[in-house]
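The next block holds one structure in the form of structure tokens; read it before the comments.
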Amino acid sequence: MRRDLIDSIAEYRSEQSQVLIGDFNASTFKSTDAFFLRIGGGSLGGKARGLAFIRHLLHKYQTARRFAEVRIAVPPSVVLATDVFDHFVSENNLLDFAIGSADDAEILRRFLEASLPASLRDDLLAFLAEVHYPLAVRSSSLLEDSQYQPFTGVYETFMLANQHPDLSVRLEQLMEAIKRVYASTFSQHAKGYVRATPYRLEEEKMAVIVQQVVGTLHASPDGRRFYPDFSGVVRSHNFYPVPPMSYGDGIAAVALGLGRTVVDGGKCLAFCPRYPRNIVQFSSVEDILANSQREFWALELDHIERGQDESVSDPLLELKEARFGLDVAEKDGTLNNLGSTYSVDNHVIYDGLSRPGTRIVSFAPILKHGVFPLASILERLTKIGDEAFGRPVEVEFAVRLPHRPEETAEFGFLQIRPLVLSREGEELRMDDVNPERLVCHSSQVLGNGRVRDLRDVVVVDFHRFERARSQEVAEGVAHLNAKLSESGTPYLLIGVGRWGSNDPWLGIPVEWDEISGARVIVEAGFRDFRVTPSQGSHFFQNLTAFQVGYFTVNPDAGEGFVDWQWLGAVPAVEEQGCVRHLRFDEPLVVVMNGRTSRGMVFKPEAPM
């Protein structure tokens, strides 16, 4: 009976640790698999609030028992609440300076030179003495993940290897990462975002999450890497459903390695959790070869120490995120559960890696053969999130698969936030229209309603665009966006390839604040490459948050058109290389039907 009582008490304490938020105590802290602690008072910030809430939901719905073979949990975390931020900027007289300064470098320098409170240093030292795994230092501001204006991808996240033999060095690195996150609150990127919202920068406060990075250490003669088997984002609302899918079935985007591939708009695999075998972008062998992931992101643990090389531009991090080829993933064993093989001899894709040939990240072992219940987990979690938030949600996650028989698979719940949908009013009826009246037509449109006040167009000339010069194009677009935004002029943005992609060969690598003045955005496919909407990216989340009309056009696939000849004949107000600014006396009218996903942009001389 005594043993049973002790076991019951231990189980109760374990359950409480999975639900409650405890106060960090340096004298009693011990590292476990489920702690979620706070340092300081005030708010946890939006991101940390969401994680605390999902811990409660996972316990309430007994999710762990439903998927007993997988550990589904929020990674161990310590949150520095907003009072710590207030104390830091107040004691160091940083607030007024940071709000008024337009020099990001000077803001960062002043923040790095400032001192964190002594009590915080002691707490962080006690924390690092107990944990020896890589850490993510993440922002969690008051406005982040809010219900109507999610501040997605605005603030900084830093990764630390946390493996230096000297504890004081690890402490300095962690404190520097925290101060860099604080400084990002006042960056020009963040200020530009805030200006596009009803909020004021003075209302913003920053909490910081110090969290275990989900992943496995892989060592080889060419170095050491740390990364999850795969990461991804799932949304409970699909803006681009293809039969038999519907809007409410949701959509997931997953990629081998760190989630940067997904959130930066790189090549990844999109699937519906309800129909995991129905993968539109993998409709043919050619589509698979064109759209599948070719490289992955991982944390590189081997590094140059601070002071050993004066040429190192960033003295903070003892690791960096680096790209690796699929051959590295195959050697590490992480491709085994995600890969397929392309046979050149007979032009066929085979599941698994048992045959010689080109490796493909297909997720076939998981989605077709069920080696991991990914689709079921995502469908269950999005349903729980929908019910709890009362609206569609987006979830970021990372998964570590077992590499030894005694290990358990781990599903790391990294973030949950409400998904802002178009405020759909009346469903618009669009009859057949003469194509000559249209600048653009698309059957893949995000948004609903009419936009009647667009007299300005920023267009990337389709005939002169070169993928190798996409960075120059991005700079030209940013220049025109700044001019139009300064005068408060909304505009239509038309480009080639994927907007906001981190891969310049897939599209135009702009940041959100560099096109934030656009009311309607069109992205058109290359002559030899079909554009796939990147529904997992931070860029895409911002489109939905700001209610921006979003057209995807792939003429070769029968998905609409852009009248490039008509656009090219219009005299430009200004040109930046192949980026042209057009202005019309009469407005272009944009019509979008959110239920049928159809949209049209009418020429000024023929408004609807």
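Remember, predicted model here, so these are calculated numbers, not experimental data. Both backbone and side-chain heavy atoms feed into the values below; hydrogens, waters and symmetry mates do not.
Side-chain contact check for Phe127 versus Leu125: every heavy-atom pair is 4.5 Å or farther apart. Looking at Val520 and Leu454, their side chains come closer than 4.5 Å, going by heavy atoms from C-beta outward. In this structure the side chain of Glu91 never reaches within 4.5 angstrom of the side chain of Pro117, judged on heavy atoms. Leu128 has its side chain within reach of Leu167: a pair of non-hydrogen atoms, C-beta onward, lies under 4.5 Å apart. Inter-residue side-chain proximity for Cys268 and Val262 is flagged as met; some heavy-atom pair is nearer than 4.5 Å. In this structure the side chain of Ile508 reaches within 4.5 angstrom of the side chain of Phe465, judged on heavy atoms. Between Arg580 and Val458, every side-chain heavy-atom pair lies at or beyond the 4.5 Å cut-off. At a threshold of 4.5 Å between non-hydrogen side-chain atoms, the residues Arg260 and Glu321 count as touching.
Put simply, the side chain of Ser231 gets close to the backbone of Gly257: a donor and an acceptor are under 3.5 Å apart. No donor-acceptor pair closer than 3.5 Å links the side chain of Asn92 to the backbone N or O of Ala114. Remark: side-chain polar atoms of Asn481 are not paired, donor with acceptor, to backbone N or O of Val477 under 3.5 angstrom. With Asp123 contributing its side chain and Phe24 its backbone, the two residues share no donor-acceptor pair below 3.5 Å. Under the 3.5 Å distance criterion, the side-chain polar atoms of Ser101 are left unmatched by any main-chain donor or acceptor of Phe97. Using a distance-only test at 3.5 Å, with no hydrogens or angles considered, a donor-acceptor pair links the side chain of Asn25 to the main chain of Ser27. Between the side chain of Lys191 and the backbone N or O of Ile99 there is at least one donor-acceptor pair closer than 3.5 Å. Under the 3.5 Å distance criterion, the side-chain polar atoms of Glu204 are left unmatched by any main-chain donor or acceptor of Leu201. Formation of a donor-acceptor pair under 3.5 Å by the Gln293 side chain with backbone atoms of Leu269 is not found in this model. In terms of modelled atom types and a separation under 3.5 Å, the side chain of Thr185 and the main chain of Tyr182 share a donor-acceptor contact.
By the 6.0 Å and 45° rule, Arg467 does not stack over the aromatic ring of Trp505.
A 6.0 Å sphere centred on CZ of Arg469 holds no more than 12 heavy atoms belonging to other residues, nucleotides or ligands.
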**OP:** Check the pair Ser115, Arg121 against side-chain hydrogen bond (donor to acceptor under 3.5 Å, both in side chains), reporting the backbone distance first and the verdict last.
**Re:** CA-CA 10 Å; Ser115 299; Arg121 292 172 62 97; over 6 Å; no

**OP:** Verify salt bridge (Lys or Arg N to Asp or Glu O under 4.0 Å) between Arg323 and Glu295, making sure each step is shown before the conclusion.
**Re:** CA-CA 6 Å; Arg323 289 189 180 101; Glu295 55 188 9; 3.0 Å; yes

Original post:
Hey, mind stepping through Leu135 and Gln211 against side chain to side chain contact (heavy atoms under 4.5 Å, CB included) and telling me if it holds?
Top reply: CA-CA 5 Å; Leu135 297 171; Gln211 186 177 68; over 6 Å; no

**OP:** Show your working on side chain to side chain contact (heavy atoms under 4.5 Å, CB included) between Leu326 and Leu256 and close with a plain yes or no.
**Re:** CA-CA 9 Å; Leu326 298 186; Leu256 166 68; 3.9 Å; yes

**OP:** Determine, stepwise, if the pair Leu57 / Ile54 fulfils side chain to side chain contact (heavy atoms under 4.5 Å, CB included).
**Re:** CA-CA 5 Å; Leu57 295 178; Ile54 200 61; 3.8 Å; yes

Subject >> Residue pair Lys483, Glu486: steps toward the salt bridge (Lys or Arg N to Asp or Glu O under 4.0 Å) verdict >> reply: CA-CA 5 Å; Lys483 290 185 64 174; Glu486 186 176 358; over 6 Å; no

Subject >> Worked check of side chain to side chain contact (heavy atoms under 4.5 Å, CB included) between Ile178 and Leu174 >> reply: CA-CA 6 Å; Ile178 291 168; Leu174 176 55; 4.1 Å; yes

Subject >> side-chain hydrogen bond (donor to acceptor under 3.5 Å, both in side chains) between Thr489 and Ser487, worked out >> reply: CA-CA 6 Å; Thr489 304; Ser487 62; 2.8 Å; yes

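Smallest separation of non-hydrogen atoms from Ala177 and Phe158: O-CD1, 3.8 Å. Between Ala219 and Arg224, the shortest heavy-atom distance links the atoms CB-CG, 3.9 Å. Considering every non-hydrogen atom in both Pro228 and Leu258, the closest pair reads CD-CD2, 3.5 Å. For the pair Ser485 and Gly517, the tightest heavy-atom approach, listed with the atom from each and the gap, is OG-CA, 3.7 Å. Residues Ala48 and Ser140 share a closest heavy-atom pair of N-OG, 2.9 Å. Closest non-hydrogen pair, Ala73 versus Leu58, comes out as CA-CD1, 4.2 Å.
Taken to the nearest 0.5 Å, the CZ atom of Phe389 stands 5.5 Å off from the CZ atom of Phe53. Interatomic distance, Ser43 OG to Arg49 CZ, rounded to the nearest 0.5 Å: 4.5 Å. Taking OG from Ser516 and CD from Glu511, the interatomic distance works out to 11.5 Å, rounded to the nearest 0.5 Å. Rounded to the nearest 0.5 angstrom, Ile72 CD1 and Leu381 CG are separated by 5.5 Å. Atom CH2 of Trp499 sits about 9.0 Å away from atom CD of Glu523, to the nearest 0.5 Å.
For the residue pair Arg170 / Gln163, no side-chain donor-acceptor distance below 3.5 Å is found, with atom types taken as modelled. A donor-acceptor contact closer than 3.5 angstrom is absent between the side chains of Arg138 and Ser77. Judged by distance alone, the side chains of Asp332 and Thr334 never bring a donor and an acceptor atom under 3.5 Å apart.
Applying side-chain contact (heavy atoms from CB on, under 4.5 Å) to Leu44 and the options Val79, Thr82, Ile209 leaves one that passes, Val79. Applying the side-chain hydrogen bond (donor to acceptor under 3.5 Å, both in side chains) test between His479 and each of Glu514, Glu574, His581 identifies Glu574 as the sole match. Checking Phe296, Phe226, Tyr227 one by one against His218, the ring-ring contact (aromatic ring centres under 6.0 Å, His included) holds for a single residue, Tyr227.
In this pair, Phe186 and Phe111 present their aromatic rings tilted. The plane angle is within the 30 to 60° band. By the 30° and 60° cut-offs, the orientation of the rings of Phe413 relative to Phe411 is perpendicular.
No salt bridge links Arg180 with Glu156; every basic N to acidic carboxylate O contact stays at or beyond 4.0 Å. The pair Asp456-Arg583 meets the salt-bridge criterion, since a charged nitrogen lies less than 4.0 angstrom from a carboxylate oxygen. Glu394 and Arg235 are joined by a salt bridge, as a carboxylate oxygen and a charged side-chain nitrogen come within less than 4.0 angstrom of each other. Under the 4.0 Å criterion applied to side-chain N and carboxylate O atoms, Lys30 and Glu130 are assigned as salt-bridge partners. Between Arg417 and Glu396, at least one side-chain N (NZ, or NE/NH1/NH2) sits under 4.0 Å from a carboxylate O, which counts as a salt bridge. Taking the charged nitrogens against the carboxylate oxygens, Lys179 and Glu176 have no contact shorter than 4.0 Å, which rules out a salt bridge.
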